[in-house]
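Computed from a predicted structure; not experimentally measured.
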Amino acid sequence: MSTVVPTYQKLRGGYYTPEGIAEFLAKWAIDSSTNKVLEPSCGDGSFVEQAAKQLLLMGASKEDIPSLLKGIELDPDEAKKVIERINKLGIDIKPEGIVSGDFFGYTLEHLFYNQTFDVVLGNPPFIRYQNFVEEYRTIAFDLMKRTGLNPNRLTNIWVPFLVLSSLLLNENGRLGMVIPAELFQVDYAAETRQFLSEYFNRLTIITFKELVFDDAQQEVVLLLAERNVECNEGIRTVEVESVKALKDLDISSIYNTQIKPLDHTSEKWTKYFLETDEILLLRKLKAHPLVTMSSDVIDVDVGVVTGQNKYFVLSKEQINDTNILSSTERIVGRSNHLEGTIFSKDNWLSNVEKGHPSYLFYPENVDVEHLPTEVQEYINYGETMEVNKGYKCSIRKRWYIVPSVRVPDAFMLRQIHDYPKLILNEAGATCTDTIHRVRFINGHDPRVVTAAFLNSLTFAHAEITGRSYGGGVLTFEPSEAERLPIPLVGADGLDLEYIDKLVREKDIDSILNITDKVLLIDGLGLSEEEVKKLRSIWTKMKLRRINRKQKKKAKRVGKK
């Protein structure tokens, strides 16, 4: 038990739930003095306490409440604290009410086939698969599989907590949980999104402009889920400034927020920050017969994984010092070393002269004794620095041979600030894994696709297809980069050199004025109003993620 508890505590927010959240969710969810309430992972007991207080407000007696509350907590010491906390309210809750044990095991033995709870409240632990103790993980995954779900090695522990807690609700039950914002956007939660959209009739998601757990660097949302409501089915999002603002949020006002039709698929939910007409426009255009999906045009793969960039990716000065130029390949080390939409040999040489690491150590794939003396010396130096003992290096047949070194047709940034772009590779360079490698497929002209990629439709979809974790940066995995719509009709009339010049001048508005006219208005037949709306969607979503970063920084500066 001792090896498990710290892990559970650490990612419960390690950081336990702010009282404002527990109080708000209890007030929203508990609407009767007879509601039966479950807290599947009690932690410090804030949810159980607020549930007890809300039941008292609803008219429940202190004698009745022990039969209405059920809490489960892995750590026996924490479970005792929760009991003491409730007893201080004059409520005689006993160990049978606050169970010390694993939620999944308890569910399997006592709860799984007995949906008796009106309300589930909580803040489940956020623990990755590899840190999820196998004993508990096996039970959790088995229970999920019984419901037709397919958890995998990417599944975080909060997913089975959420799914199984939902299944313990009765037909009119309500669930209020603190969930990582990953629910909106990560692929491993895709099945969970579909489950929620089918299991609940109405979902409300409350987001915060400020991080709830600063130290955790984990953006969270409040998920309010209702089963079998009689009207206003769908999903809504409500954004508040901070946890403190929940006290001033009138719960009844939530129901005046626009409800949007819920898409019963595994698609990302970032789109629900948009208005209904904006969502419908994006759906319509993604299905437009003249719009090409990026997967039909480009193949995206991660960049070179060296195992230790400081050793393998070298500057001109380091090359001169070691005299190993003949055993190197050209490489781009960082995304900010790619300024335009065309990366030429002159651009690479410019990076070299600026002192940017631009050479990849890539000797002939033979045993050390068959390599030039200078290269042998550099390999020996790496071994004295124990580079060869790093995991990625140690699993290679020859640790000093970086695998999968190939020159792509183009680059795509893995993490972006303003907007995504393709960068045509005319320098014959490869790149590190901070940048994706792109190969053009199905006979499409690389210059045409690179120019066409910069338009308001692709940009708008990029904001809801990529992922942002509250740091202001939009991140794309290769599979996500291959799910973007690209309008190509008329793209052969775009001037890539001129677009490259404007990108370097940071004049994206002028680029979009050109490409939107050629591709969206002339090519797809969209109205100026529709194009204006697409541009607005991109701007709104981009500013939303960027401003979250700025608010976070301002808060920290203020503390100083």
Side-chain angles (χ1 to χ4, degrees), residues 185 187 268 291-306 309 313 330-344 347-348 351 358 360 404-442 444-468 472-488 491 494 496 499-500 502-504 506 508 511-512 515 519 538 541-542 545:
Q185 51 193 353
D187 287 341
K268 296 187 176 186
V291 170
T292 303
M293 292 306 296
S294 56
S295 58
D296 294 326
V297 179
I298 57 176
D299 178 72
V300 183
D301 192 12
V302 296
V304 172
V305 179
T306 67
N309 285 350
V313 185
R330 296 173 188 169
I331 194 168
V332 182
R334 296 184 179 178
S335 57
N336 60 0
H337 299 167
L338 296 166
E339 295 181 349
T341 55
I342 301 173
F343 185 68
S344 66
N347 296 143
W348 178 79
N351 283 343
S358 302
L360 173 67
S404 185
V405 175
R406 60 176 177 80
V407 175
D409 299 329
F411 306 109
M412 183 178 181
L413 306 188
R414 180 175 178 269
Q415 294 187 320
I416 65 169
H417 183 261
D418 288 325
Y419 56 88
K421 63 179 178 178
L422 296 176
I423 303 98
L424 204 60
N425 181 18
E426 296 183 350
T430 188
C431 61
T432 64
D433 59 350
T434 61
I435 302 164
H436 291 324
R437 291 180 287 187
V438 175
R439 179 173 62 92
F440 294 98
I441 59 176
N442 296 330
H444 288 280
D445 187 329
R447 298 178 70 82
V448 169
V449 175
T450 300
F453 197 79
L454 303 176
N455 69 86
S456 293
L457 172 61
T458 303
F459 282 8
H461 271 280
E463 290 292 337
I464 62 173
T465 303
R467 61 188 73 177
S468 175
V473 173
L474 188 64
T475 300
F476 286 93
E477 297 304 322
S479 60
E480 294 163 339
E482 293 174 353
R483 295 205 295 262
L484 298 175
I486 307 176
L488 290 176
L494 295 173
L496 182 60
I499 289 175
D500 176 70
L502 292 176
V503 169
R504 293 174 188 274
K506 304 186 185 307
I508 190 60
I511 294 173
L512 293 180
T515 58
L519 303 173
W538 167 59
M541 296 301 290
K542 179 186 74 169
R545 63 175 168 82

Just how far is it from atom [atom1] of [X] to atom [atom2] of [Y], taken to the nearest 0.5 Å?
X    : Y    : atom1 : atom2 : result
C431 : I331 : SG    : CD1   : 7.0 Å
T341 : L422 : OG1   : CG    : 9.5 Å
N425 : F411 : CG    : CZ    : 3.5 Å
I499 : L494 : CD1   : CG    : 5.0 Å
T475 : R545 : OG1   : CZ    : 9.0 Å
L484 : L457 : CG    : CG    : 9.5 Å

Taking [Y]'s backbone N and O only, do any of them form a donor-acceptor pair with [X]'s side chain (distance below 3.5 Å, no angle check)?
X    : Y    : answer
K421 : L413 : no
N442 : V297 : no
K268 : T465 : yes
T515 : L454 : yes
H436 : F476 : yes
R330 : W348 : no

If every non-hydrogen atom of [X] is compared with every non-hydrogen atom of [Y], which pair is closest and at what distance?
X    : Y    : answer
T430 : L360 : CG2-CD2, 4.3 Å
Q185 : S468 : NE2-O, 2.5 Å
L519 : N455 : CD1-CB, 4.1 Å
I342 : R504 : O-NH2, 2.8 Å
I423 : G340 : CG1-O, 3.4 Å
T458 : P487 : OG1-CD, 3.7 Å

Subject >> Residue pairs fulfilling side-chain hydrogen bond (donor to acceptor under 3.5 Å, both in side chains) with at least one residue in residues 291-300, sequence neighbours excluded >> reply: none
**OP:** Verify the neighbour count for atom CZ of R483: are there more than 12 heavy atoms of other residues, nucleotides or ligands below 6.0 Å?
**Re:** yes
Subject >> Those residues that, when tested against E482, pass salt bridge (Lys or Arg N to Asp or Glu O under 4.0 Å) (two or more places apart) >> reply: none
Any [X] side-chain heavy atom under 4.5 Å of [Y] side chain:
X    : Y    : result
H337 : I435 : no
F440 : V448 : no
V300 : E480 : no
L512 : W538 : yes
N347 : E339 : no

Subject >> Audit row: K506, D418, side chain to side chain contact (heavy atoms under 4.5 Å, CB included) steps and yes/no >> reply: CA-CA 10 Å; K506 304 186 185 307; D418 288 325; over 6 Å; no
Original post:
In chain order, what residues pass the side-chain contact (heavy atoms from CB on, under 4.5 Å) check against T434, with sequence neighbours excluded?
Top reply: T432
Original post:
Should F343 and N351 be marked as a side chain to side chain contact (heavy atoms under 4.5 Å, CB included) after you check the CA-CA gap, both sets of side-chain angles, and the distance that decides it?
Top reply: CA-CA 11 Å; F343 185 68; N351 283 343; 3.6 Å; yes
**OP:** Dump the intermediate steps for salt bridge (Lys or Arg N to Asp or Glu O under 4.0 Å) on R406 and D301, then the final yes or no.
**Re:** CA-CA 11 Å; R406 60 176 177 80; D301 192 12; 3.3 Å; yes
Original post:
Between I511 and I508, is a side chain to side chain contact (heavy atoms under 4.5 Å, CB included) present by the stated rule, with each step listed?
Top reply: CA-CA 5 Å; I511 294 173; I508 190 60; 4.0 Å; yes
Subject >> Aromatic ring pairing Y419/F459, orientation class (parallel under 30°, perpendicular over 60°, tilted between) >> reply: parallel
Original post:
Are S335 and R414 close enough, and set up right, to give a side chain to side chain contact (heavy atoms under 4.5 Å, CB included), and what steps lead you there?
Top reply: CA-CA 8 Å; S335 57; R414 180 175 178 269; over 6 Å; no
